[in-house]
Amino acid sequence: MKKVLGYGNLINQKIERVQFENEFYEAFKNPQKGIVWLIYGGSGSGKSSFTMQLTKEYAKHNRTFYNPLEEGTDSSDFIERAEILNMIDVQDTFFAQKYNYDELTEYLQKRNAPKTVVIDSATYFFDNFNQYKEMCRERFKDTTFIITAHAKGKDPRSKLEEDIKFDANQKVFVSGFLAKCQGRTIGPNGGNFIVYKEGYEKLNGVTQLL
């Protein structure tokens with residue numbers, strides 16, 4: 001049986017956090033390690049660009065793995081996005097491959113496995129919510145998972161994606177090149193991250209977030 005914690009034990013626990021910088025800190029502060037992100041948005045919203053930018057921020061701190069199930073590693077869009085966002089800056093800690101559930105499970109059991117994993121996207125990877133829980137909350141609970149999802153309006157499109165959103169620590173809705181944090185760790189600017197400044201300003205006609 002696990003030992004119960006008193007107040008002193010509770011507040012003195014060591015919480016490991018990722019030290020985000022600049023605009024990432026302003027939007028998301030320093031998120032705890034081993035959490036789940038759910039990033040969702042419609043086509044052309046800036047979701048894929050934001051996901052790659054977030055991947056790069058994590059890759060500054062630890063080994064990251066990108067699983068591009070929708071596009072594949074040989075997709076020109078995926079390759080160009082990696083080039084445009086200068087993933088070469090983190091080339092020693094950034095890796096990508098298209099793995100199914102069993103393949104990724106095997107990979108994450110290896111020595112020096114990445115501590116941040118991007119799954120793009122939920123419906124292309126998980127058969128059901130129990131699979132998600134087994135991988136992200138039980139088997140590899142010390143790994144940070146960044147999971148993308150499709151949106152219908154302002155909500156995730158499918159029941160699976162909605163269930164993951166409910167469970168995720170950080171929920172980020174991307175629309176009009178603005179990523180808006182709806183999660184538990186929100187930075188000084190209220191959880192707003194401009195994905196693509198030119199596109200955002202063209203849509204909104206402003207240079208400052210309201």
Side-chain angles (χ1 to χ4, degrees), residues 18 20 24 27-28 31-41 43 45-110 112-127 131-137 139-151 156-157 160-161 164-165 167-174 179 181 183 185 193 195-196:
V18 182
F20 277 0
F24 278 95
F28 309 110
Q32 187 172 352
K33 294 181 179 180
I35 65 170
V36 174
W37 292 71
L38 192 281
I39 301 168
Y40 66 106
S43 178
S45 63
K47 179 183 66 179
S48 296
S49 291
F50 172 70
T51 302
M52 187 69 83
Q53 289 176 63
L54 181 62
T55 302
K56 183 177 181 179
E57 186 67 16
Y58 267 100
K60 293 176 183 177
H61 304 278
N62 55 239
R63 289 164 63 90
T64 66
F65 175 75
Y66 202 114
N67 194 8
L69 291 149
E70 288 196 39
E71 296 179 314
T73 54
D74 59 352
S75 162
S76 60
D77 288 341
F78 184 75
I79 295 167
E80 287 170 10
R81 194 176 304 122
E83 291 178 333
I84 290 169
L85 295 174
N86 294 315
M87 297 304 284
I88 192 172
D89 295 342
V90 290
Q91 61 180 324
D92 294 334
T93 52
F94 170 67
F95 308 93
Q97 188 50 268
K98 189 174 180 179
Y99 281 162
N100 63 30
Y101 189 91
D102 292 335
E103 290 169 332
L104 182 57
T105 298
E106 181 180 351
Y107 178 56
L108 293 181
Q109 289 173 329
K110 292 183 181 295
N112 294 323
K115 299 308 292 182
T116 303
V117 174
V118 181
I119 296 173
D120 186 9
S121 66
T123 53
Y124 278 67
F125 185 75
F126 298 111
D127 289 336
Q131 249 194 5
Y132 155 80
K133 285 198 301 181
E134 180 187 17
M135 175 171 279
C136 303
R137 293 306 196 185
R139 202 160 192 174
F140 304 107
K141 61 183 180 181
D142 294 328
T143 300
T144 296
F145 285 90
I146 300 168
I147 302 170
T148 69
H150 302 98
R157 189 174 65 184
L160 171 62
E161 292 164 317
I164 294 174
K165 179 190 173 187
D167 181 75
N169 307 82
Q170 290 289 80
K171 316 153 205 296
V172 180
F173 177 57
V174 186
C181 183
T185 306
F193 184 96
V195 180
Y196 172 49

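Just so you know, these numbers come straight off a predicted model, no measurement behind them. Sequential numbering from 1 along the given sequence is applied to the chain's residues. Note that these values count all heavy atoms, side chains included, but never hydrogens, waters or copies made by symmetry.
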Are any side-chain N or O atoms of [X] and backbone N or O atoms of [Y], one a donor and one an acceptor, separated by less than 3.5 Å?
X      : Y      : result
Thr73  : Gln97  : no
Thr143 : Thr116 : no
Lys171 : Lys165 : yes

Review item, side-chain donor-acceptor pairs of residues 102-109, under 3.5 Å, at least two apart:
{"residue": "Glu103", "atom": "OE1", "partner": "Asn100", "partner atom": "N", "Å": "2.9"}
{"residue": "Thr105", "atom": "OG1", "partner": "Tyr101", "partner atom": "O", "Å": "2.8"}

Could you tell me the separation between the [atom1] atom of [X] and the [atom2] atom of [Y], rounded to the nearest 0.5 Å?
X      : Y      : atom1 : atom2 : value
Arg81  : Ser75  : CZ    : OG    : 7.0 Å
Phe145 : Tyr132 : CZ    : OH    : 9.0 Å
Gln32  : Gln170 : CD    : CD    : 10.5 Å
Ile35  : Ile146 : CD1   : CD1   : 8.5 Å

Hey, are the side chains of [X] and [Y] touching, using non-hydrogen atoms and a 4.5 Å cut-off?
X      : Y      : answer
Thr185 : Phe28  : no
Ile147 : Phe125 : no
Ile39  : Val174 : yes
Thr123 : Glu161 : yes
Tyr40  : Arg157 : no

Can you list every side-chain hydrogen bond (donor to acceptor under 3.5 Å, both in side chains) pair that touches residues 45-58, not counting sequence neighbours?
Trp37-Tyr58, Lys56-Asp89, Glu57-Lys60
Taking the six-membered ring for Trp, are Phe95 and Tyr66 ring centroids under 6.0 Å apart?
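Phe95 vs Tyr66: aromatic centres not under 6.0 Å.
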What residues form a side-chain hydrogen bond (donor to acceptor under 3.5 Å, both in side chains) with Ser121, not counting sequence neighbours?
Glu70
Applying ring pair (Phe, Tyr, Trp, His ring centres under 6.0 Å) to Tyr124 and not counting sequence neighbours gives none
Mind checking what makes ring pair (Phe, Tyr, Trp, His ring centres under 6.0 Å) contact with Phe24, not counting sequence neighbours?
Phe20, Phe193
Mind listing the closest non-hydrogen atom pair of [X] and [Y] along with its distance?
X      : Y      : result
Thr144 : Gly34  : OG1-N, 3.0 Å
Ile164 : Ala122 : CD1-CB, 3.9 Å
Cys181 : Ala27  : CB-O, 4.5 Å
Arg137 : Asn169 : NH2-OD1, 3.0 Å
Gly72  : Phe78  : O-CB, 3.8 Å
Ala59  : Thr93  : O-OG1, 2.7 Å

Which residues pass the salt bridge (charged side-chain N to carboxylate O under 4.0 Å, His left out) test with Asp77, not counting sequence neighbours?
none
